[in-house]
Amino acid sequence: MRKNTREDILTMARKLFSEGDYNSVSVKNIADALGISTGNLTYHFKKKEDIALALVQEQYNIYQSLDPVQNLTELRDYLRHLVDVQKKHAYYFKHYAQFSQISPAIKQMQDKIYQNISEILTVSFQNLHEKGVFIEDQYPHQHKRIIDTLMILCTHSYTNEDVNLFDCMWNAILPLLSEEGKNDYKALE
């Protein structure tokens, strides 16, 4: 059976990036952890930034856009999905901001996914408002600001395991609930 060195490099880089700081992980660290020469690694990836690009490209390729939600049960499931993705790809979110600075291609992929999720949430919030589950904005652009908060939580809250990301997201949403929405929310618990 032939060993896939390129995939092994990506798997090890993912592991090392999850464990530590991106800047502290070198091409040599990755090669040493795999028991291969640096030359063997650089045959596949010329520099660490190429590894980061390949990891983000891999993340981008598996991203699946979902439909906007129609009720609080679907919103709950969508938020859980976002949290699960963040946990599964901790290395990516841990270095989200730094990855965006590595190359314009990474930034472009991140921006497309960010925009897509933001659009899904915008349409979802509109759907919930139209169905009477969400109230009108109590101040200008309230729904948009809460969506921005959810997006920040999704992309930048990986560092504190003591904080329940799912609960933080719901706490941002709770002020939007109408009386009907509050009843629906209580039924979810």
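Atom set for the values below is all heavy atoms of this structure, side chains included, hydrogens, waters and symmetry mates excluded. Small disclaimer: the values here were computed from a predicted structure and weren't measured.
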Close side-chain approach of F45 to V27, heavy-atom, < 4.5 Å:
no

Salt bridge or not between D111 and K107? Use side-chain N to carboxylate O under 4.0 Å.
yes

Heavy-atom distance under 4.5 Å between the side chains of W170 and L188, does that happen here?
yes

Where is the tightest heavy-atom contact between L128 and N71, given as atom of each residue plus distance?
CD2-CA, 3.5 Å

Taking all atoms of both residues into account, what is the closest heavy-atom pair of M12 and A33, and its distance?
SD-CB, 3.6 Å

For F17 and L55: C-alpha separation, side-chain torsions, deciding distance, then whether side chain to side chain contact (heavy atoms under 4.5 Å, CB included) applies.
CA-CA 11 Å; F17 293 156; L55 287 171; 3.7 Å; yes

Would the distance check show the side chain of E58 and the main-chain N or O of A54 forming a donor-acceptor pair, the cut-off being under 3.5 Å?
no

Evaluate the side-chain proximity of R80 to V83: yes if any heavy-atom separation is below 4.5 Å, no if none is.
no

Hey, is the main chain of Q138 close enough, under 3.5 Å, to the side chain of Q142 for a donor-acceptor pair?
yes

So which heavy atom on L72 is nearest to which on D184, and how close?
CD1-CB, 3.7 Å

Within-4.5 Å side-chain heavy-atom neighbours: Y114 and M151:
yes

Any side-chain heavy-atom pair of Q59 and Y91 under 4.5 Å:
yes

Under 4.5 Å between any side-chain heavy atoms of I135 and L177, yes or no?
no

Which heavy atom of L66 sits nearest to which heavy atom of I120, and what is that distance?
O-CD1, 3.1 Å

Between K48 and V25 the two heavy atoms that sit nearest each other are NZ-O, 2.7 Å

Would you say the side chain of I113 lies within less than 4.5 Å of the side chain of M109, judging by non-hydrogen atoms?
no

If you count the non-hydrogen atoms of other residues, nucleotides and ligands that lie under 6.0 Å from CD in Q64, is the total more than 12?
no

Take L41 and R6 through the test side chain to side chain contact (heavy atoms under 4.5 Å, CB included) and record every step on the way to the result.
CA-CA 8 Å; L41 188 145; R6 185 178 194 286; over 6 Å; no

Tell me whether Q98 contacts the main-chain N or O of Y22 through its side chain, where contact means a donor paired with an acceptor under 3.5 Å.
no

Would you list the pairs meeting salt bridge (Lys or Arg N to Asp or Glu O under 4.0 Å) in which at least one residue belongs to residues 128-148, sequence neighbours left out?
K144-D148

Working to the nearest 0.5 Å, report the span between CG of N29 and OG of S26.
3.0 Å

Rounded to the nearest 0.5 angstrom, the OG1-CD1 distance for T38 and I30 is 10.0 Å

Pair S124-N127, side-chain donor/acceptor within less than 3.5 Å
no

How many angstroms lie between NZ in K46 and NE2 in H44, if you round to the nearest 0.5 Å?
10.0 Å

Using only atom types and a distance under 3.5 Å, with no angle test, would you say the side chain of E49 pairs donor to acceptor with the backbone of I102?
no

Tell me whether K28 is salt-bridged to D32, with the criterion being a basic N under 4.0 Å from an acidic carboxylate O.
yes

Heavy-atom side-chain proximity of I173 to Y185 below 4.5 angstrom:
no

For Y78 and T73, what are the C-alpha separation, side-chain angles and deciding distance, and is it a side chain to side chain contact (heavy atoms under 4.5 Å, CB included)?
CA-CA 9 Å; Y78 186 70; T73 300; over 6 Å; no

Students often mix this up, so state it plainly: with edges at 30° and 60°, are the rings of H143 and F125 parallel, tilted or perpendicular?
perpendicular

Looking at A172 and I146, what are the two nearest heavy atoms and their distance?
O-CD1, 3.4 Å

Taking atom OH of Y63 and atom NZ of K112, what is their separation to the nearest 0.5 Å?
12.5 Å

Walk me through whether M169 and L82 qualify under side chain to side chain contact (heavy atoms under 4.5 Å, CB included).
CA-CA 10 Å; M169 293 171 117; L82 293 175; 4.1 Å; yes

Are L176 and L174 joined in one hydrophobic group, where the rule is that I, L, V, M, F, W and Y side chains link up if heavy atoms are under 4.5 Å apart?
yes

Just by modelled atom types, is the I36 backbone N or O under 3.5 Å from a matching donor or acceptor in the N40 side chain?
no

Under a 3.5 Å distance rule, please check whether K94 uses its side chain to pair with a backbone N or O of G20 as donor and acceptor.
yes

ILVMFWY network linking V69 to V123, side-chain heavy atoms under 4.5 angstrom:
no

Roughly how far, to the nearest 0.5 Å, is CD1 of I106 from CD of Q110?
7.0 Å

When rounded to the nearest 0.5 angstrom, what distance separates CG in L16 from CG in D21?
12.0 Å

Can D50 and K47 be said to form a salt bridge (charged side-chain N to carboxylate O under 4.0 Å, His left out), step by step?
CA-CA 5 Å; D50 295 338; K47 55 189 187 271; 3.8 Å; yes

Please state whether the rings of Y92 and F99 are parallel, tilted or perpendicular, taking 30° and 60° as the class boundaries.
tilted

